[in-house]
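One structure below.
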Amino acid sequence: MANDYIVKDISLAAYGRKELDIAETEMPGLMALRAEYGESKPLAGSRIVGSLHMTIQTAVLIETLVALGADVRWASCNIFSTQDHAAAAIAESGTPVFAIKGQSLEEHWDYLDKSFMFPEGPNLILDDGGDATLYILLGARAEAGEDVIAVPTSEEEVAIKAQIKKRMEATPGWFTKMRDQIKGVSEETTTGVHRLYDLVKQGQLPFPAINVNDSVTKSKFDNKYGCKESLVDGIRRATDTMMAGKVAVVCGYGDVGKGSAASLAGAGARVKVTEADPICALQAAMDGFEVVLLEDVLATADIFITTTGNKDVIRIEHMREMKDMAIVGNIGHFDNEIQVAALKNHKWTNIKEQVDMIEMPSGNRLILLSEGRLLNLGNATGHPSFVMSASFTNQVLAQIELWENNGQYKNDVYILPKHLDEKVARLHLDRIGVKLTQLSSEQAAYIGVKPEGPFKPEHYRY
Ligand code: NAI
């Protein structure tokens with residue numbers, strides 16, 4: 001179909017292509033998969049719906065899936081994260097993509113719906129945060145007569161439920177048909193993985209899922225070292241504020257929190273951490289960060305960043321206590337970490353795209369980044385290519401696994417085996433000049449591994 005895409009400006013394709021060419025040089029894992037599987041095309045016959053930030057790095061992922069034989073249609077998983085030149089380059093290459101930086105919530109769900117429109121329907125989902133999976137499963141439950149779309153409770157829900165209703169009216173039975181022909185999903189992030197395990201608990205996961213997030217070469221790299229680079233990048237591009245000397249509070253000290261705290265500390269900020277988990281709190285303290293209650297630092301901190309994947313972490317009563325011109329942002333997956341909805345009746349002054357100044361009743365002003373959506377992708381360009389190569393190499397391996405060995409999986413959530421995790425790491429060593437020590441067979445036997453790996457037992461935590 002001609003023009004089977006929605007992008008901001010197709011003439012940005014040439015610029016996107018130049019950045020794609022550079023990104024390829026920083027994504028050795030994906031390029032190695034192209035070399036290994038480009039001829040055999042293990043994804044031939046697959047029709048993949050992708051719902052993941054439409055960035056330059058994702059464009060390299062998409063072109064790798066296509067090089068391996070897949071048919072692909074793509075939408076972004078966030079309204080602010082698209083890089084319009086990346087989307088344009090993908091559209092021009094002939095892969096349908098529906099993504100514009102700054103699209104509305106209604107468009108978000110409409111574009112996701114469009115990404116399912118293969119003539120024969122899709123058979124695999126590649127998800128980030130679980131929206132593509134949620135759309136199909138919620139729609140199928142509605143078609144089964146369950147009362148799941150009747151009463152939306154948030155702006156987000158209004159949009160998805162309106163889109164489900166529209167699709168149900170236009171194509172009765174569509175969601176059930178989609179659900180039944182999907183062979184599996186690979187999920188990128190912590191929040192989406194939580195959703196999948198919940199579905200398993202409720203006996204509602206209708207196809208196998210691969211948890212890409214918990215490959216070591218994903219969460220211990222992208223979530224951590226990725227945020228270490230992209231958090232401060234986002235704050236700087238948004239505000240140009242002097243980071244050194246400022247007091248920054250990081251809520252949550254999981255993988256994203258660890259990278260975020262390191263990011264701010266590296267820029268010279270004095271970093272404090274809040275945590276609910278005693279193990280992560282102890283880690284933060286022993287990494288040298290003061291672990292505090294949010295309530296105790298509201299009036300003194302300059303920058304507040306949520307990294308929890310939880311809801312209502314920074315609440316309206318917190319924001320009322322913050323000092324004038326405090327910067328508030330989120331790097332977790334959804335915007336409900338900060339009670340942005342409670343700010344809607346305040347005076348907003350838009351400074352530039354994805355940066356707003358909000359006047360509080362006291363007269364103090366807050367700078368809110370990306371309306372509370374993940375600021376490293378809203379205010380900057382997300383993680384650098386190199387770390388995304390590790391994440392996306394896992395994604396491609398997961399898609400191959402779901403496609404080639406589908407019958408071996410039940411409707412459960414799986415993690416890729418350790419030898420593949422080690423393979424992903426191995427593919428990234430040369431690019432940065434890492435030399436691996438080769439174990440002798442005696443040494444390997446002494447520590448109970450094979451000389452070629454895997455080098456750690458399943459319970460090892462890295
Ligand atoms: P995680 O589970 O490792 O860490 C979250 C931490 O937050 C946990 O240690 C938990 O105890 C803590 N926490 C929960 N509620 C809290 C509260 N009210 N106050 C203080 N601490 C609290 O999860 P991970 O992998 O760090 O991911 C966090 C979020 O970031 C998820 O939504 C994930 O999807 C997202 N993410 C975003 C990325 C980005 O580029 N912006 C990259 C990767 C993940």
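Note that ligands are numbered from 1 as they come in the structure, with each ligand's atoms numbered from 1 the same way. Quick note: residue numbers are just sequence positions, from 1.
Nearest to atom 1 (P) of ligand 1 among the protein's heavy atoms is Gly254 CA, 4.0 Å. Given atom 17 (C) of ligand 1, the protein heavy atom at minimum distance is Thr308 CG2, 4.1 Å. Looking at atom 27 (O) of ligand 1, its nearest protein heavy atom turns out to be Thr190 OG1, 3.4 Å. The single protein non-hydrogen atom nearest to atom 37 (C) of ligand 1 is Ile331 O, 3.2 Å, given as residue, atom name and distance. Of the protein's heavy atoms, Thr191 OG1, 2.6 Å lies nearest to atom 32 (O) of ligand 1. Thr307 O, 3.2 Å is the protein heavy atom nearest to atom 28 (C) of ligand 1. Nearest to atom 26 (O) of ligand 1 among the protein's heavy atoms is Val256 N, 2.8 Å. At the shortest separation from atom 11 (O) of ligand 1 among protein heavy atoms lies Glu275 OE1, 2.9 Å.
Shown in contact with Leu374 at under 4.0 Å from a heavy atom are these atoms of ligand 1, numbered in order with element: 41 (N). Residue contact check: His383 has heavy atoms under 4.0 Å from atoms 40 (O), 42 (C) of ligand 1.
When the options Thr274, Leu231, Thr189 are ranked by their closest heavy atom to atom 20 (C) of ligand 1, first place goes to Thr274.
Taking the charged nitrogens against the carboxylate oxygens, Asp113 and Arg167 do have a contact shorter than 4.0 Å, which makes a salt bridge. Under 4.0 Å is where a charged nitrogen must lie from a carboxylate oxygen, and between Glu24 and Arg34 at least one such pair does. Using a 4.0 Å cut-off between a side-chain N of Lys or Arg and a carboxylate O of Asp or Glu, Arg195 and Asp131 qualify as a salt bridge. In this structure, Arg237 pairs ionically with Asp233, as a charged nitrogen and a carboxylate oxygen lie closer than 4.0 Å. Look at Glu106 and Lys161 and you find no salt bridge, because none of the NZ, NE, NH1 or NH2 atoms lies under 4.0 Å from a carboxylate O. With salt bridges taken as basic N to acidic carboxylate O contacts below 4.0 Å, none links Arg315 and Glu337.
Contact check for Leu397 versus Gln399: no side-chain heavy atoms found under the 4.5 Å cut-off. Side chains of Asp128 and His333 form a contact here, defined as non-hydrogen atoms less than 4.5 Å apart. No side-chain heavy atom of Ser115 sits less than 4.5 Å from a side-chain heavy atom of Trp74.
Polar contact with ligand 1: absent for Lys218 (N/O pair, distance under 3.5 Å). The shortest N or O to N or O distance between Asp222 and ligand 1 is not under 3.5 Å. Taking only nitrogen or oxygen atoms, main chain and side chain alike, His194 does not reach within less than 3.5 Å of ligand 1.
The environment of Lys8 atom NZ is sparse: at most 12 non-hydrogen atoms of other residues, nucleotides or ligands sit within 6.0 angstrom.
Under 4.0 Å from ligand 1, the heavy atoms of Asn376 that appear belong solely to its side chain.
Look at Cys280 and you'll find a heavy atom under 4.0 Å from some atom of ligand 1.
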